[in-house]
Amino acid sequence: MRKVNVVILVLLAVAFLIIIQRNLLSLSDFLHKEITHTGAILPFEAELPPDLRVDFERQGDEIPVVMTAAEERLGAVVAAMHSIYQNTKANVVFTIVTMNDTADHLKMWLSVPSLKSIKYKMVPFKPELLVGKVAKHPETMDATKPLTFARYYLPLYLPEVEKAIYLDDDIIVQGDIKELYETSLKSGHAAAFSDDCESASAKGVVRGAGTQNNYIGFLDFKKEAIKQLGMRANTCSFNPGVLVANLTEWKNMNITGQLEHWMELNTREDLYSKTLAESITTPPLLIVFYKRHSALDPMWHVRHLGTTGAGNRYSPQFVKAAKLLHWNGHYKPWGRTSAFTDVWDRWFIPDPAEKFHPVRKHAADK
């Protein structure tokens, strides 16, 4: 009889423990849902709005990303950095090339709560690097601002790094930057770009820019120095606003020295095309990397969003699927007449110094 009682007591104890366990699991699930709903704990999810995302421990090797920061465009670099950081779990470290008079403003901006976890370092650009290398024509003064040439000097800013990403400031990243960083470069190639003729961005000719998707749109093939290179004028060009660089190869091939050579020669012989519509930093890169660069996934450089008709060029669905958007051209996403400004606005963080303000139609019409 005693054995029967013991067995009954054991069974009752087991049943009691099972009930308690189920109640605890239900309570845990309830608390998880409640906490997630209130925003106290949120897992990483690319579709979440930027203001609902939380920081988490960044692990793995550093991914170096180089950008420039000009005072009048600080809102651009902040939005770009924000989009990169929030769409990856990778250990991204930014190197921001800027002028000394801009550094304090940017540091203040990057100290706001939604940006303060971003890892970055600032390095000054030395304009004296360009002495004798840039022709100061009045019509190209804006294009010859010193920071546009920072991409020529990547090993100078990252002397111990083997591989890095360079990005223009007028971009938004919607994919995981680690995927771009892992782009495979062929042996002997110092950089990877997305070719215009093969990219999803190169549907048609950019209005007002001549044939800007091939070499003749950037270089004067009547000049002897260009003729001697034996390049084909109809070769697909590339936009250097997004590049992945093998800095070991860059140094071994003296890419910086080669670029400076063509800059200096241009000041004497005027080698660039008269239809040149975009940055004058592009022609030397086209020469030096002629048939000596690897390819990026075209979805990692969807461009021409800053040109006339960009709103008709791409569908909203395509823009949403793109991993990197580039507003190259005259119409920037912080301006009044650009296409897809709502995408850029999603990542913009207001300036705590209240110096930078996006221009919007509704604001101007009030």
Side-chain angles (χ1 to χ4, degrees), residues 61-70 73 76-77 80-81 84 90-99 102-103 106 119-131 133-134 143-171 173 177-178 180-194 238-264 279-290 292-296 300-301 324 326 328:
D61 295 336
E62 291 184 357
I63 295 181
V65 176
V66 180
M67 301 186 72
T68 62
R73 297 165 64 113
V77 72
M81 292 173 69
I84 293 166
N91 186 17
V92 179
V93 180
F94 294 92
T95 297
I96 308 300
V97 186
T98 189
M99 302 302 219
T102 301
L106 184 55
K119 295 180 182 178
Y120 70 92
K121 63 177 181 179
M122 292 191 190
V123 295
F125 184 82
K126 299 179 179 179
E128 56 267 28
L129 289 170
L130 304 180
V131 173
K133 303 181 184 73
V134 178
T144 59
K145 288 183 178 179
L147 287 174
T148 63
F149 296 95
R151 74 201 82 191
Y152 286 12
Y153 299 95
L154 293 178
L156 184 65
Y157 308 121
L158 300 168
E160 307 300 324
V161 171
E162 293 186 3
K163 190 177 185 182
I165 297 169
Y166 170 86
L167 299 173
D168 277 352
D169 60 6
D170 52 351
I171 61 100
V173 171
I177 198 72
K178 185 178 180 182
L180 178 61
Y181 181 73
E182 291 176 346
T183 297
S184 178
L185 274 69
K186 295 180 181 178
S187 177
H189 286 182
F193 307 92
S194 185
F238 53 79
N239 182 301
V242 176
L243 72 92
V244 177
N246 179 330
L247 296 183
T248 301
E249 289 288 355
W250 192 291
K251 289 182 281 191
N252 290 341
M253 298 169 66
N254 190 23
I255 296 296
T256 298
Q258 293 186 58
L259 293 168
E260 289 183 324
H261 165 75
W262 288 105
M263 291 171 68
E264 293 171 351
S279 173
I280 64 170
T281 57
T282 302
L285 288 160
L286 293 178
I287 295 172
V288 172
F289 287 104
Y290 178 72
R292 289 193 298 176
H293 66 274
S294 298
L296 297 179
W300 269 105
H301 194 180
L324 185 148
H326 189 185
N328 62 303

- Message: Taking side-chain contact (heavy atoms from CB on, under 4.5 Å) as the definition, give me every residue that meets it alongside N254, ordered by chain and number, with sequence neighbours left out.
- Response: none
- Kindly say whether M253 contributes a backbone atom to a donor-acceptor pair with the side chain of Q258 at under 3.5 angstrom? yes
- Query: Counting distance only, does the side-chain N/O of R73 pair as donor-acceptor with the main-chain N or O of D169 below 3.5 Å?
  - Reply: no
- Query: CD1 of I84 to CD1 of I63: how many Å apart, nearest 0.5 Å?
  - Reply: 10.5 Å
- NZ of K251: more than 12 outside heavy atoms within 6.0 angstrom? yes
- Task: Could you walk me through whether L106 and Y120 pass side-chain contact (heavy atoms from CB on, under 4.5 Å), step by step?
- Result: CA-CA 11 Å; L106 184 55; Y120 70 92; over 6 Å; no
- Item | Spacing of I177 atom CD1 and L167 atom CG [to the nearest 0.5 Å] | 5.5 Å
- Distance, nearest 0.5 Å, that separates OG1 of T148 from CG of D168: 9.5 Å
- From M81 CE over to I171 CD1, what is the distance, rounded to the nearest 0.5 angstrom? 11.0 Å
- Query: How many angstroms lie between CG in L285 and OH in Y152, if you round to the nearest 0.5 Å?
  - Reply: 4.5 Å
- Query: Taking all atoms of both residues into account, what is the closest heavy-atom pair of A150 and Y157, and its distance?
  - Reply: O-CE1, 3.6 Å
- Query: Which distance, rounded to the nearest 0.5 Å, do you find between the NE2 of H326 and the CG of N239?
  - Reply: 5.5 Å
- Closest heavy-atom pair, M67 versus A80, reported as atoms and distance to 0.1 Å, is CE-CB, 3.5 Å
- Message: When you compare the side chain of L129 with that of Y153, does any pair of heavy atoms fall below 4.5 Å?
- Response: yes
- Between the side chain of T183 and the main-chain N/O of L296, is any donor-acceptor distance below 3.5 Å? no
- Task: Please tell me if the side chains of F289 and I255 come closer than 4.5 Å, counting only heavy atoms from C-beta onward.
- Result: yes
- Would you confirm whether K163, through its side chain, and Y181, through its main-chain N or O, come within 3.5 Å as a donor-acceptor pair? yes
- Heavy-atom pair with the smallest gap, counting every atom of T95 and V123: CG2-CG2, 3.9 Å
- For E160, does the CD atom sit with more than 12 other heavy atoms under 6.0 Å from it, leaving out its own atoms? no
- Message: Is any side-chain heavy atom of L130 closer than 4.5 Å to one of P146?
- Response: yes
- May I ask you to test the V288-W262 pair for a side-chain heavy-atom distance under 4.5 Å? yes
- Task: Taking H301 for its side chain and S194 for its backbone only, find out whether a donor-acceptor pair lies under 3.5 Å.
- Result: no
- So, T102 side chain and A70 main chain: donor-acceptor pair closer than 3.5 Å or not? no
